[in-house]
Amino acid sequence: MGGTCLQFLGFISSFVGWIGVLLATVTNDWVLTCDYSINTCRRLDEVGSRGLWADCVISIGLYHCKPLADILTLPAHIQAARALMITGSFLGLPAVFLLLSAMPCIRMGHDPGTEKHKRFRMGGILIVILALSTIIATIWFPVSTHRETTIVTFGYSLYAGWIGAAFCLFGGSIIVCCAGESHGFMENRFYYSSQGSGSPTHAKSANV
């Protein structure tokens with residue numbers, strides 16, 4: 001029972017974290033920047049918003065974005081953050097499928113418990129890799145951006161990435177370290193034995 005609860009906890013945490021990583025990847029509000037002094041930006045009520053895909057200017061009644069479409073001229077930290085976040089987002093899809101297919105309530109034909117255990121562990125490993133990729137990207141990006149301009153505050157996209165990475169790391173660690181051994185995934189099967197011609201056939205449960 002305890003192992004099953006850990007499996008569900010690891011899966012739910014990993015799935016919620018993956019959604020957070022996807023949100024951070026597709027949105028653009030990573031950091032709010034100021035091209036002048038902070039006091040000047042506050043007086044003008046104008047800040048910049050920078051993310052993986054565009055540079056934006058935010059002021060009263062204005063929200064204008066310039067897409068970062070020229071890959072060859074992009075700074076290295078933006079290209080690296082893009083690659084890491086996209087990799088993490090795509091890794092989440094097979095990871096969630098592996099975890100879901102290994103759930104105790106899911107049966108896929110004649111599926112041995114050892115195979116479900118292997119899929120569950122593999123899904124957990126992918127989730128941990130996803131979390132580490134997101135952590136690297138969401139720390140590297142603001143640190144490198146701060147060297148180029150003044151960061152006023154962090155945006156909701158960056159917070160979504162941090163929270164998603166934390167959930168994925170928590171869920172993946174539970175799956176990899178605390179999900180139990182393969183015998184916890186075994187299904188009860190039945191074998192039949194007959195004792196003599198006149199005795200009835202008995203069904204006995206056995207862990208195979």
Side-chain angles (χ1 to χ4, degrees), residues 1-28 30 51-53 80-141 156-193 201-208:
M1 182 64 181
T4 301
C5 292
L6 287 175
Q7 292 170 31
F8 277 107
L9 177 61
F11 172 74
I12 295 299
S13 177
S14 300
F15 183 77
V16 172
W18 179 48
I19 297 300
V21 172
L22 287 176
L23 180 63
T25 303
V26 300
T27 55
N28 200 62
W30 279 49
L52 299 180
W53 313 105
R82 279 185 181 182
L84 289 168
M85 295 300 293
I86 291 173
T87 299
S89 298
F90 277 105
L91 281 178
L93 190 60
V96 169
F97 174 77
L98 289 171
L99 295 177
L100 189 61
S101 67
M103 287 288 103
C105 55
I106 303 296
R107 293 188 178 182
M108 301 175 63
H110 184 71
D111 199 10
T114 53
E115 292 299 322
K116 296 186 74 171
H117 183 259
K118 289 179 182 178
R119 290 203 302 271
F120 202 68
R121 281 287 175 88
M122 180 57 67
I125 292 172
L126 292 179
I127 290 294
V128 171
I129 296 174
L130 184 161
L132 295 177
S133 298
T134 304
I135 290 171
I136 294 172
T138 53
I139 292 177
W140 190 358
F141 184 91
Y156 74 89
S157 301
L158 203 61
Y159 287 115
W162 285 337
I163 294 172
F167 271 95
C168 285
L169 190 60
F170 175 71
S173 299
I174 289 178
I175 292 168
V176 174
C177 302
C178 308
E181 300 300 329
S182 59
H183 60 75
F185 287 76
M186 297 300 187
E187 300 174 355
N188 287 331
R189 300 182 182 177
F190 297 90
Y191 65 88
Y192 294 88
S193 64
T201 301
H202 299 279
K204 302 178 181 179
S205 67
N207 289 328
V208 179

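As the structure is a computational prediction, the values presented were derived from the model and not from experiment.
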Requested in this report: For Phe141, enumerate each residue passing the ring-ring contact (aromatic ring centres under 6.0 Å, His included) test, keeping only those at least two apart in sequence or located in another chain.
Outcome: Trp30, His77

**Report entry** Leu130 vs Val21 side-chain heavy atoms within contact, under 4.5 Å
**Finding:** yes

Query raised in the report: Distance from Leu98 atom CG to Leu93 atom CG, nearest 0.5 Å?
Result: 10.0 Å

Query raised in the report: Taking atom OG of Ser133 and atom CZ of Phe90, what is their separation to the nearest 0.5 Å?
Result: 13.5 Å

Query raised in the report: What's the shortest heavy-atom distance between Ala81 and Leu52, and which atoms?
Result: CB-CD2, 3.6 Å

**Report entry** Spacing of Ile174 atom CD1 and Ile127 atom CD1 [to the nearest 0.5 Å]
**Finding:** 12.0 Å

Query raised in the report: Any side-chain heavy-atom pair from Gln7 and Ile175 closer than 4.5 angstrom?
Result: no

Requested in this report: Taking all non-hydrogen atoms of both residues into account, name the closest pair between Ser157 and Ala24 and its distance.
Outcome: O-CB, 3.2 Å

Requested in this report: First locate atom OG of Ser14, then atom CD1 of Ile19, and finally report the distance between them rounded to the nearest 0.5 Å.
Outcome: 11.5 Å

**Report entry** Distance (rounded to the nearest 0.5 Å) between Leu22 CG and Met85 CE
**Finding:** 8.5 Å

**Report entry** Shortest non-hydrogen separation from Leu23 to Ala160 and the atoms involved
**Finding:** CD2-CB, 3.9 Å

**Report entry** Test item: Trp53 and Arg82 side chains (from C-beta on) under 4.5 Å apart, heavy atoms
**Finding:** yes

Report task. Could you note down all residue pairs passing side-chain hydrogen bond (donor to acceptor under 3.5 Å, both in side chains) where residues 86-96 supplies at least one of them, sequence neighbours left out? Result -> Thr25-Ser89

Report summary line: The side-chain contact (heavy atoms from CB on, under 4.5 Å) partners of Ile163 (sequence neighbours excluded) come to Phe167

Query raised in the report: Looking at CG of Leu169 and CD1 of Ile135, how far apart are the two atoms once the value is rounded to the nearest 0.5 Å?
Result: 5.0 Å

Requested in this report: Can you sort out the partners of Tyr159 under ring-ring contact (aromatic ring centres under 6.0 Å, His included), two or more places apart, ordered by chain and number?
Outcome: Trp162

Query raised in the report: Residues in side-chain contact (heavy atoms from CB on, under 4.5 Å) with Ile12, at least two apart?
Result: Val16

Report task. Not counting sequence neighbours, which residues clear side-chain contact (heavy atoms from CB on, under 4.5 Å) with Tyr156? List them please. Result -> Thr27, Asp29

Requested in this report: Taking side-chain contact (heavy atoms from CB on, under 4.5 Å) as the test, write out the residues that go with Ile125, two or more places apart.
Outcome: Ile129, Val176

Query - Heavy-atom closest contact (Gly123 atom, Ala95 atom, distance) - result: O-CB, 3.8 Å

